[in-house]
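Quick caveat: nothing in here was measured; it's all calculated off a predicted structure. Proteins get letters first, then strands, A, B, ... in listed order; numbering begins at 1 in each.
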Amino acid sequence: MELSKTYNPKQVENRIYRFWEKSGYFNPDKLPKRHKKPYCIVIPLPNITGALHMGHALNATIQDILIRWKRLQGYKTLLVPGIDHAGIVAQYVVEKELKKQGLTRFDLGREKFIEKIWEWKEKYGNIILDQLKKMGSSCDWSRTRFTLDKEYTEAVKKAFLYYYKKHWIYRGKRVVNWCVRCRTSLSDLEIEYKEEKGHLWYIRYPLSKTYHLKTKTYIVVATTRPETMLGDTAVAVNPNDKRYKKLVGQKVVLPLSRREIPIIADRIVDPKFGTGAVKVTPSHDLTDYEISLRQGLKSIQVIDETGRLNEQAPRTYQGLKVTDAREKIIQDLENLGFMEKIEDYIHQIPKCYRCGKTLELIPSQQWFLKTDKLAKLAIKAVKTNKVRFHPKKWEKVYFKWLKNVRDWCISRQIWWGHRIPLKGEIDVLDTWFSSALWPFACLGWPKKTKDLKTFYPTNVLSTARDIINLWVGRMIFSGAEFMKKEPFQDVYIHATVLNKEGKRMSKSLGTGIDPIDLIEKYGTDATRFGIIWQATGSQDIRFVEDNIKMGKKFCNKVWNASRFVLGQTESAKRKAQSAKPQLKTQNLTNADKKILKALDKTIKSVDKDLEKFQFGRVARELYGFFWRDFCDVYIEETKKQDSKETQKILFYVLLSSLELLHPFMPFITEEIYQKLPVKNKKKCLMVEDWPVLKN
RNA sequence: GGGCGCGUAGCUCAGCUGGUUAGAGCGCACGGUUCACAUCCGUGAGGUCUGCGGUUCAAAUCCGCGCGUGCCCACCA
C-alpha cells in the first residue's frame, strides 16, 4: 500500500470521483445510518448557456466545503443540483445560431423553434454540471432538476394560479422596459445601465398664441431624447419656479407635430436641471408616465415594438428607426430655428442585460405580480433574523430594493419558458418567476414529498451579490408565502472574482480565466485550495495564479508527509493503526505534547471559522498547522526521537489532518486515506468521523 | 445624485471587538539538503500600514476630512 513518488492529480481525480459516485454517499438516503440530522444546500441554478467561470468555481468550492464538512460531522447532507432554462438568454443564443443560417425564430414558428432550443439544451445543457463534477462537487446527481421539466412546470403553474386567485396577479397596460431586438419586456432588474456620451438638446417650444420665435415667446426644454418629443403631451415646470409661474396653464405648440400641449406644474421637476422646464412624454419615459397619471395627461405612443416610429408620428418620420429619427429631427429643428443650443452630456443608457441593445420604454399589455405584501414578508424574514446575511452589510442592498420595489412584470413575449397558464395567453413567464421557487420546487413541491419534509427549509444559500434582489429576495418571499417558512437560514454572499487589474472577469472582454484550464494544469485540489485561500471576508478577489501554484505545492507537501509517515510507521505496514489511539500522556515528549495541542487548537478554530464562513482563514490555519507545526517541526523532531508513541502520534495527526483538509482538497486526501492502514476503516474518507478534541 | 467597499512588503493579500520587535504566499539574496518532498529546509533583505487632523496611556486597527480606486442603486429629463 505505498504511495507513488509523486502525486498526479490527473490519474487520481477522475477515478476517485467515480468511486465516490459509486459509493452512493452523495445521496443522503444512502449514507450510513448514523447520518441523521439533515443538512441541505441548493446550488444557485446555473443557466443552460453557462460555462464555469471563476465565480462558479469559488462558489462550487464553498458549497462543497460546507457539505463535506457537515457530512464528516455526521449530518445527512444533500447538495441539490439543477439547471435553469434561462428564458431570454437561451432563446437569444439559439436565435444567434439561426441567424447564421439567415433564419429568424418567426421563420420557424413557435413549435419548431422551441424544439430547436430543446435540441440545443440536450447537447450543451449539461456542460456546466460536468464541470461542477470536475470541481469535485458532491451533488446528489440523482436529484438533478431542470426548471422546465414536467414536475417543475407543475410547481410554476401552481404558484401562478395561487397568486392569480388571490388577485395578486393582474394584467395592465404599462410603460415597460422593452428590448426591440428580443421583442420582449424586461423587469427592472434585467436592465444594465451603461455610461455613454450623449447630448442635451435645448429645444424651443413656442407659446401657441404667438407661434413664432422672434420675440422670444417660447419656453425652452432640455432633453436627451429629442425624438420622443413627437409623443409629448405637456411641458412641466416646478410649481415653485418663479420664472415660469405665469406660464403655467398656458399652452405651447409642439414643433414639428404642431400639436397644442399645456404647460403644467409638477413637484418632481427639478428647477436646477436644464432650463427647469421638461417635456413630458408619458408613453416613453417612466417619470413622465407617473406625471401623466397625477395630472391626467393623455399618452401618445410614437415608438413601436420594433423600435421604429409609428403612425402617430408626423408622416415624414414614420417607419424610421429611433436613432435615424433623432438625426432627422435634430436637423429639422435646427433648420426651423427651434434648436436653442446643444451641450455634451454623459448619461446612463439602459441596455438589455442579455443582448446589450439599448432599451426603449413603451406602453405594453403585461402581467404583473403585486409585490407590496410579498416584499413585506421578505423584509420581515431578515429583520426578525430568520434569515441572516453574511457578511451582514448586504442586508442594506436587500432592504433598499424591497422598500422601493415596484410590481413585478412577470410576462415575457418570448417563446422559451413557462406558458402563462390561462386560456388564450401566449406570453411566457419571467425566468426568475420559476427560479424563485427553487428551494422547495427542487424538493418536489407542490407534492408533499419526503424530501420536502426532511430538507426544507435548507440551511445555507451561497451566491453572488448581483442576484441578491433578482433571486435571493424572491426566493425568500416565495418560501415565506408558499411554505410559510423561509427557504434558508443563512445567506452567504461570496466575493466577486476580479482579474489582476481589478476588473471584472468577462468572457467578452477576454479577461476571464477558465477554471477548467487551471484544473488541467494544477489539479482540482490545488485550484480549490488556491481560490479559497483568497476568499477572506467580503473583499473582492483579484485573482492571481500564484495562489493556485501554492495550492499545488501544498498538495505535494501533504502527499509527501503522508509517504513519510507511512514509511516510518513500521507497524503500519503489518497491522492497522487505531484511528483514535490511546495515548499515554506520561511518556510524551515536549514535541509530542506540542503537536497534539496544536492539533486541538486547529480543530477548534476550523470549526469556529467554518461556522462563520471564514473560508480563507481556515485554509491558512490548516496550511500553517500542517506545513509548519506538523512537517517542519514535529516530523523533523521525530527523526531524533524513537518510540512507539511517536509513531502512533504521527499516524494520528496525519489522519486527523486528512479529515480536516478533506473539505478543501477532497481528492488527494481521499486517495491517501485509501492507502492508510486504519483500524475500523470507513469505505471513504468522505464519511469518516470529523476529528474531536483530544483534551 | 445616493449607498457600499478598498488603498498594509516588488505582486496578491491576512491582520476579529485598539495593546509586546506588523504577518502569509509568490518573487528576491545567501547557505544547506538531496535516504518524505519534479524539491525541501534554514537565514536574510524589503513596509514612515494612502495623506492630514482627532480620540486614547496606547491606532494599521476607532472618528473626521482630503486624495486615489472599484462596485451597486437612482424617475435630473
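- Heavy atoms of A/Asn556 sit under 4.0 angstrom from primed sugar atoms or phosphate atoms, though from no base atom.
- Residue-to-nucleotide proximity on RNA chain B shows that, of A/Leu200 and A/Trp559, the 5′-proximal contact is made by A/Trp559.
- Of the N and O atoms on the side chains of A/Thr233 and A/Lys298, not one donor lies less than 3.5 Å from an acceptor on the other residue.
- Stem regions for RNA chain B, each three or more consecutive Watson-Crick or G-U pairs with both distances under 3.5 Å and listed by first number, read B:1-7 with B:67-73, B:10-13 with B:23-26, B:28-32 with B:40-44, B:50-54 with B:62-66.
- If you check every strand for non-hydrogen atoms under 4.0 Å, A/Lys549 touches nothing.
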So which protein nitrogen or oxygen atoms get under 3.5 Å of nucleotides 6-13 of chain B's nitrogens or oxygens?
{"unit_1": "B/C11", "atom_1": "O2'", "unit_2": "A/Lys500", "atom_2": "NZ", "d": "3.2"}
{"unit_1": "B/U12", "atom_1": "O2'", "unit_2": "A/Gln534", "atom_2": "NE2", "d": "2.5"}
{"unit_1": "B/U12", "atom_1": "O2'", "unit_2": "A/Arg542", "atom_2": "O", "d": "3.4"}
{"unit_1": "B/C13", "atom_1": "OP1", "unit_2": "A/Arg542", "atom_2": "N", "d": "3.1"}

Provide a list of protein-nucleic acid N or O atom pairs under 3.5 angstrom, restricted to nucleotides 16-22 of chain B.
none

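- Applying side-chain hydrogen bond (donor to acceptor under 3.5 Å, both in side chains) to A/Tyr522 and the options A/Lys552, A/Lys549, A/Glu545 leaves one that passes, A/Glu545.
- At the heavy-atom level, A/Ile291 lies nowhere under 4.0 Å from the strands shown.
- Among the heavy atoms of the strands lying under 4.0 Å from A/Thr6 is at least one base atom, whether or not backbone atoms are also near.
- Contact annotation for A/Leu286: no contact, since no heavy-atom pair falls under 4.0 Å across all strands.
- With sequence neighbours excluded, the residues forming a side chain to side chain contact (heavy atoms under 4.5 Å, CB included) with A/Asn404 are A/Lys400, listed by chain and number.
- In terms of the side chain to side chain contact (heavy atoms under 4.5 Å, CB included) criterion, residue partners of A/Asp241 (sequence neighbours excluded) are, by chain and number, A/Asn238, A/Arg243, A/Tyr244, A/Pro271.
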What pairs of nitrogen or oxygen atoms, one from the protein and one from nucleotides 2-4 of chain B, lie under 3.5 Å apart?
{"unit_1": "B/C4", "atom_1": "OP1", "unit_2": "A/Lys396", "atom_2": "NZ", "d": "3.3"}

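- Nearer to the 5' terminus of RNA chain B, by closest-nucleotide assignment, is the contact made by A/Lys5 (compared with the other of A/Lys5 and A/Glu290).
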